[in-house]
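See below for the structure under consideration.
Only this structure's heavy atoms are used, side chains among them; waters, hydrogens and symmetry mates stay out. Note that the structure is a prediction, hence the values are computed from the model and not measured. Count residues from 1 along the sequence.
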Amino acid sequence: MREVVLAGPGSPVTFAGDGVGGVLAILANPRRVAVALDEAGHVDVRRRVLTAPVTTALVLGLCLFTGQGYPSVLARLWPLLGAFNPAIWMWATVSASALSQARARLPVAVMRRLFEGLAGAVLVEVAGLRVFGLVVTAVDGTVVDLADTAQIRERYATPSGGRFPQARVVTLVVCGTRRVLGAVLDSCALSEQALWDDVPDRTGNGTGELIVLL
């Protein structure tokens, strides 16, 4: 199922074993992470086992295996992180608290740069990707609950009758592969239509080569 969601039906992408290593190789190989860190201007100021590249890979793991908790994600990914920090084999798996602190040190710009780099990569050509030579895409929107803190409540609205502040995410998705080409996030007080104009096209080809289904 994870293979289909990431690459689309009929895709040549395959994952070995339980798929974790293959997913990381696509989303966060060391070269892509290094480029994202450089573009975000982030440099580790201390030598830690949870370096910025390791933390970036783990944050992506938390997204991929959402709901499983820090300890479970750490257990899954720790043996695979040697490419991000060769010294990782010398250390036992870190605690959930240590990862939480490392995650707080990682600038948001790093994840944004990593996403933009992946979204701009070459499209995988599969059956149904194009119609009349144009890539078929769709706009999709959803809302997500956020932590109920004063700082977040000031930035993001709470729906009428809702318990938590919410963010609205609008994405531009390739229909043939479910690949996200661009995304924008803001308060749920803004409509999908209002956010759509800010969704970037990361194909590098311009919207002239896309069919957008609203």
Side-chain angles (χ1 to χ4, degrees), residues 6 23-70 73-74 76-77 81 83-85 94-121 139-158 164-173 179-192 194-204:
L6 286 172
V23 172
L24 274 183
I26 292 172
L27 298 181
N29 63 49
R31 181 188 61 80
R32 284 175 173 158
V33 171
V35 169
L37 289 166
D38 182 64
E39 291 179 345
H42 180 72
V43 178
D44 286 326
V45 296
R46 290 178 53 190
R47 297 189 65 179
R48 298 182 171 94
V49 62
L50 286 177
T51 61
V54 169
T55 304
T56 301
L58 286 171
V59 169
L60 281 173
L62 292 171
C63 296
L64 285 169
F65 303 106
T66 180
Q68 295 193 17
Y70 279 40
V73 172
L74 280 164
R76 278 175 172 266
L77 298 188
L81 298 176
F84 299 92
N85 182 3
V94 298
S95 66
S97 175
L99 176 55
S100 180
Q101 294 175 40
R103 182 179 179 181
R105 292 192 298 266
L106 191 70
V108 174
V110 174
M111 306 307 296
R112 181 182 298 115
R113 293 295 187 182
L114 185 59
F115 166 75
E116 291 173 351
L118 287 166
V139 179
D140 188 28
T142 188
V143 294
V144 292
D145 289 338
L146 304 174
D148 188 15
T149 68
Q151 184 178 13
I152 291 178
R153 285 197 304 272
E154 183 178 352
R155 173 67 178 81
Y156 297 93
T158 300
F164 299 98
Q166 287 187 337
R168 189 181 306 280
V169 185
V170 176
T171 57
L172 178 65
V173 183
R179 179 175 179 175
V180 177
L181 296 179
V184 63
L185 180 147
D186 213 312
S187 172
C188 68
L190 297 175
S191 67
E192 288 187 18
L195 294 180
W196 159 240
D197 289 338
D198 293 328
V199 177
D201 166 20
R202 300 295 179 188
T203 63

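- The two atoms that bring A189 and A157 nearest to each other are CB-CB, 3.9 Å, heavy atoms only.
- Put simply, CZ on R168 and OG1 on T142 are 9.0 Å apart, with the number rounded to the nearest 0.5 Å.
- Contact annotation: the side chain of I152 never approaches that of T158 to less than 4.5 Å [non-hydrogen atoms, C-beta and beyond].
- Looking only at distances, no side-chain donor or acceptor of R32 sits under 3.5 Å from a matching main-chain atom of G117.
- Residues L99 and L62 are in side-chain contact: their nearest non-hydrogen atoms beyond the backbone lie under 4.5 Å apart.
- The two atoms that bring Q166 and L146 nearest to each other are C-CD1, 4.1 Å, heavy atoms only.
- Side chains of E39 and E116 form no contact here, defined as non-hydrogen atoms less than 4.5 Å apart.
- In this structure a side-chain-to-backbone donor-acceptor pair under 3.5 Å is present from N85 to V49.
- Side chains of W196 and L172 form a contact here, defined as non-hydrogen atoms less than 4.5 Å apart.
- No donor-acceptor distance shorter than 3.5 angstrom exists from the side chain of S100 to the backbone of A96, with no hydrogens or angles considered.
- A distance of 10.5 Å separates CG of L58 from CZ of R103, quoted to the nearest 0.5 Å.
- Remark: the backbone N or O of V180 is not paired with any side-chain donor or acceptor of T171 at under 3.5 angstrom.
- To the nearest 0.5 Å, atom CZ of residue F84 and atom CG of residue N29 are 7.0 Å apart.
- Under the rule for a side chain to side chain donor-acceptor pair (under 3.5 Å), E192 has no partner lying at least two apart in sequence or in another chain.
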_Trace of the side-chain contact (heavy atoms from CB on, under 4.5 Å) decision for M111 with L106_ = CA-CA 9 Å; M111 306 307 296; L106 191 70; 3.9 Å; yes
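- Atom CG of residue D44 and atom CG of residue L50 lie 10.0 Å apart, to the nearest 0.5 angstrom.
- Screening T56, T55, D38 for a side-chain contact (heavy atoms from CB on, under 4.5 Å) with V33, the sole residue that qualifies is T56.
- D198 CG to D186 CG: the interatomic distance, rounded to the nearest 0.5 Å, is 8.0 Å.
- Residues L114 and L60 form a side-chain contact, since some pair of their non-hydrogen atoms from C-beta on lies under 4.5 Å apart.
- Counting heavy atoms from C-beta on, the side chains of R46 and R105 never come closer than 4.5 Å.
- Taking the side chain as every heavy atom from C-beta outward, L74 and S95 never approach each other to under 4.5 Å.
- A salt bridge between D148 and R153 is present, with a side-chain N of the basic residue lying under 4.0 Å from a carboxylate O of the acidic one.
- Looking at heavy atoms from C-beta onward, L185 lies in side-chain contact with Y156 at the 4.5 angstrom threshold.
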